[in-house]
Structures are given as structure tokens and as C-alpha cells.
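What follows is a single structure, written as C-alpha cells, with notes after it.
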Amino acid sequence: MQSSLPLHPLVKHPWIGYLWLRLAYIVVKLFFRLCCHVRIEGSEYIPSQGGVVLVSNHISALDTLLLPYTVLAIQGIQIIWAPAKAELFHTRLMGGLLTSLGVFPVRRGQHDRQAMRRMIAHMRTDKMMLFPEGTRSRDGHLHEGKRTVGKLIYAARPVVIPAAIIGTERILSHRKALFRDRAPVCVHYGKPVDLQLYYALPDTKETAVAIMQEVMSAIASLLYNTPQSIETSPVMPIQARTQGRRDGSSTL
């Protein structure tokens with residue numbers, strides 16, 4: 001495994017943690033198999049080693065399960081670290097469950113230095129997923145990325161892999177059609193975002209904003225190049241640039 005397992009009162013040994021992660025993966029896999037038809041494109045762009053951050057649009061609560069599921073389905077059992085709002089950790093049961101899966105709390109609306117240091121550390125050595133918009137899009141549009149994310153990327157300098165998630169907002173509406181009419185879902189990964197030019201610039205607010213414009217532009221380009229067979233939600237263009245399509249894809 002690429003990183004040490006998260007500390008948890010019930011997970012004292014790595015092999016127990018591995019079995020727990022595998023069980024969680026099987027449960028999530030069964031859920032997605034029953035209620036949707038998942039297609040993965042561009043998985044070859046995801047490095048096998050750490051020092052990676054996956055950045056994606058966010059249209060459904062299920063995105064937080066789908067993104068790591070697709071990585072584990074392609075590359076095997078591992079932890080995809082993820083920040084989540086601290087309110088989810090208020091109960092011991094929920095907090096323990098999330099911690100055991102690689103989720104850690106962030107105090108939103110505050111300058112949470114501890115969480116920021118942890119995110120930078122994971123970006124440098126492990127795999128972590130982030131939704132740069134900061135919260136789920138209520139209207140299906142792709143909104144502006146948070147400047148803080150650009151600052152974290154500048155500090156950590158990981159491999160930044162953009163991803164476009166399509167169709168997860170329709171999964172729950174298909175819940176009565178299990179085994180009959182599974183919702184089509186696509187996760188489209190793109191080439192690493194080239195940010196070397198910005199890393200040579202001073203650590204300023206303008207640099208962080210420019211980094212986020214590049215990241216959101218890469219996500220937007222993937223959304224616009226989604227297969228036509230999947231109905232997409234309207235998205236806001238953010239300096240979108242046309243990217244070439246690839247032939248390789250996977251279906252789960």
C-alpha cells in the first residue's frame with residue numbers, strides 16, 4: 001500500500017486495515033453495480049505511485065464514493081485520502097468510520113492550518129481527491145475553484161489529475177429501477193495539468209488564482225468532451241480549451 005493506514009481504535013494492524021478497505025470496496029462496488037453503469041475513461045493518466053491529487057467537479061454526494069472506487073477498481077486496494085467538513089465527525093461512530101476510510105476533518109470557514117498541513121503532506125506522498133469548488137454544485141454548473149486549493153497545490157506541487165464526473169446526480173432517481181434501468185455514469189480522467197510555469201512564480205494570491213484557472217479549465221474541457229450518449233448537465237466555461245479524445249476506456 002502506498003501510505004500508512006489511518007489510525008483508528010479498531011485498526012491496530014495493517015492487514016486488518018487492508019481487509020476493512022477491501023470489504024468497503026466490495027460494498028461500494030455492489031452498490032454501483034446495482035444502480036448504475038459506470039464507464040471510466042483516461043485511467044492510464046493516473047500514476048500508480050503517490051504524490052497525486054485528483055481534482056473533479058462535484059454534482060452529487062455519491063461523487064465522494066465514485067472517485068476512489070474507480071481508482072481502486074483499476075489499481076487495487078489503497079487509500080485515497082479526502083478532506084470532509086468537520087461536522088461529519090461529531091459522532092464517534094461516523095467519525096471512526098470516516099477516519100478508517102482515509103477521510104479527515106476540515107473546519108470550513110476557518111483557517112484550519114492543521115488540515116492544510118495534512119493536505120499538503122498527502123499531496124506530496126500519497127493520493128488525495130479534492131473538489132475545488134468547495135461544495136456540491138446545486139445547479140449542475142461548474143463553478144469557480146477555491147483559491148485555497150490553488151495555494152495548496154502550489155505548496156505541495158503534486159501531479160494534478162483532472163476528472164469530470166457525469167451522471168451521478170441521476171443515480172438516486174433510478175433507485176426504483178434496480179436491475180432494469182441502470183443510470184449511465186462516466187468518470188473521465190485527463191492528462192496531468194502542466195503547472196510548472198506557475199511554480200516558478202512568487203507565492204501570491206494571483207498565482208493561486210491562476211493555478212485554479214488552469215485546473216478548472218482542464219476539468220471543463222473534460223466535461224465538454226464527454227461522450228454524447230451521456231446527457232450532461234450544463235457547465236460554465238472557465239477558459240476551456242479543446243483537448244483531443246482518446247480511444248481507451250473501461251466499463252465497470
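Only this structure's heavy atoms are used, side chains among them; waters, hydrogens and symmetry mates stay out. Note that this is a predicted model, so its numbers are computed, not measured.
Expressed to the nearest 0.5 Å, how far CD1 of Ile219 lies from CE of Met216 amounts to 4.5 Å. A distance of 8.0 Å separates CD in Gln75 from OG in Ser43, rounded to the nearest 0.5 Å. Considering OG of Ser137 and CZ of Phe131, their distance stands at 12.5 Å, rounded to 0.5 Å. For the atom pair Leu152 CG and Ile211 CD1, the distance stands at 10.0 Å (nearest 0.5 Å). Annotation: the span from Leu98 atom CG to Phe89 atom CZ amounts to 4.5 Å, rounded to 0.5 Å. Considering NE2 of His58 and NE2 of His143, their distance stands at 12.0 Å, rounded to 0.5 Å.
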Apply the test side chain to side chain contact (heavy atoms under 4.5 Å, CB included) to residues Leu54 and Leu130: give CA-CA distance (whole Å), side-chain angles for both, the deciding distance (0.1 Å), then the verdict.
CA-CA 6 Å; Leu54 308 172; Leu130 280 175; over 6 Å; no
Walk me through whether Lys85 and Leu88 qualify under side chain to side chain contact (heavy atoms under 4.5 Å, CB included).
CA-CA 6 Å; Lys85 58 183 180 181; Leu88 295 176; 3.8 Å; yes
- request: Please report the C-alpha distance between Ile80 and Met128 in whole Å, then the side-chain angles of each, then the deciding distance to 0.1 Å, and finally whether the side chain to side chain contact (heavy atoms under 4.5 Å, CB included) criterion is met.
  value: CA-CA 5 Å; Ile80 308 298; Met128 191 175 78; 5.9 Å; no
**Prompt:** Going through the checks in order, is the side-chain hydrogen bond (donor to acceptor under 3.5 Å, both in side chains) test met by Glu214 and Tyr198?
**Reply:** CA-CA 10 Å; Glu214 288 289 339; Tyr198 303 101; 2.8 Å; yes
| message | Using side chain to side chain contact (heavy atoms under 4.5 Å, CB included), reason through Leu21 and Ile79 one step at a time and then give a plain yes or no. | response | CA-CA 8 Å; Leu21 289 175; Ile79 294 178; 3.6 Å; yes
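None of Leu67, Val55, Val53 except one satisfies the side chain to side chain contact (heavy atoms under 4.5 Å, CB included) rule with Met129; the exception is Leu67.
Remark: Leu65 engages Val28, Phe32, Leu62 in a side-chain contact (heavy atoms from CB on, under 4.5 Å) (not counting sequence neighbours). When the side-chain contact (heavy atoms from CB on, under 4.5 Å) test is applied to Thr204, the partners found at least two apart in sequence or on another chain are Pro202, Glu206, Thr207. Residues forming a salt bridge (charged side-chain N to carboxylate O under 4.0 Å, His left out) with Lys146 (at least two apart in sequence, or on another chain): none. Listed by chain and residue number, His37, Arg39 satisfy the side-chain contact (heavy atoms from CB on, under 4.5 Å) test with Thr251 (two or more places apart in sequence, or in another chain). By the side-chain contact (heavy atoms from CB on, under 4.5 Å) test, Arg92 is found to be paired with no residue, residues two or more places apart in sequence or in another chain being considered. Applying the side-chain hydrogen bond (donor to acceptor under 3.5 Å, both in side chains) test to Tyr69 and every residue at least two apart in sequence or in another chain returns nothing. With sequence neighbours excluded, no residue forms a side-chain hydrogen bond (donor to acceptor under 3.5 Å, both in side chains) with Thr64. With sequence neighbours left out, Asp203 forms a salt bridge (charged side-chain N to carboxylate O under 4.0 Å, His left out) with Lys151. Asp112 meets the salt bridge (charged side-chain N to carboxylate O under 4.0 Å, His left out) test with Arg107; sequence neighbours excluded. Every residue was checked against the side-chain hydrogen bond (donor to acceptor under 3.5 Å, both in side chains) condition with Ser56, not counting sequence neighbours, and none meets it.
For the pair Pro132 and Val215, the tightest heavy-atom approach, listed with the atom from each and the gap, is CG-CG1, 4.5 Å. Glu169 and Ile59 make their closest contact through OE1-CD1, 2.9 Å (heavy atoms, listed as atom of the first residue, atom of the second, distance).
At distances below 3.5 Å, at least one donor-acceptor pair connects side-chain atoms of His141 with backbone N or O atoms of Asp139. Formation of a donor-acceptor pair under 3.5 Å by the Lys127 side chain with backbone atoms of Gln78 is not found in this model.
Annotation: Leu23, atom CG; neighbour count of heavy atoms from other residues, nucleotides and ligands within 6.0 Å is above 12.
Criterion: ILVMFWY side-chain heavy atoms under 4.5 Å apart, direct or through other members. Under it, Ile153 and Val209 are not part of a common hydrophobic cluster.
Ring planes of Phe104 and Trp81: tilted class, angle from 30 to 60°.
The side-chain heavy atoms of Ile166 and His188, taken from C-beta on, include no pair separated by under 4.5 Å.
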Show me the donor-acceptor pairs within less than 3.5 Å that the side chains of residues 156-163 make with the rest of the protein, sequence neighbours left out.
from: Arg157; atom 1: NE; to: Tyr154; atom 2: O; distance (Å): 3.0
from: Arg157; atom 1: NH2; to: Tyr199; atom 2: O; distance (Å): 3.2

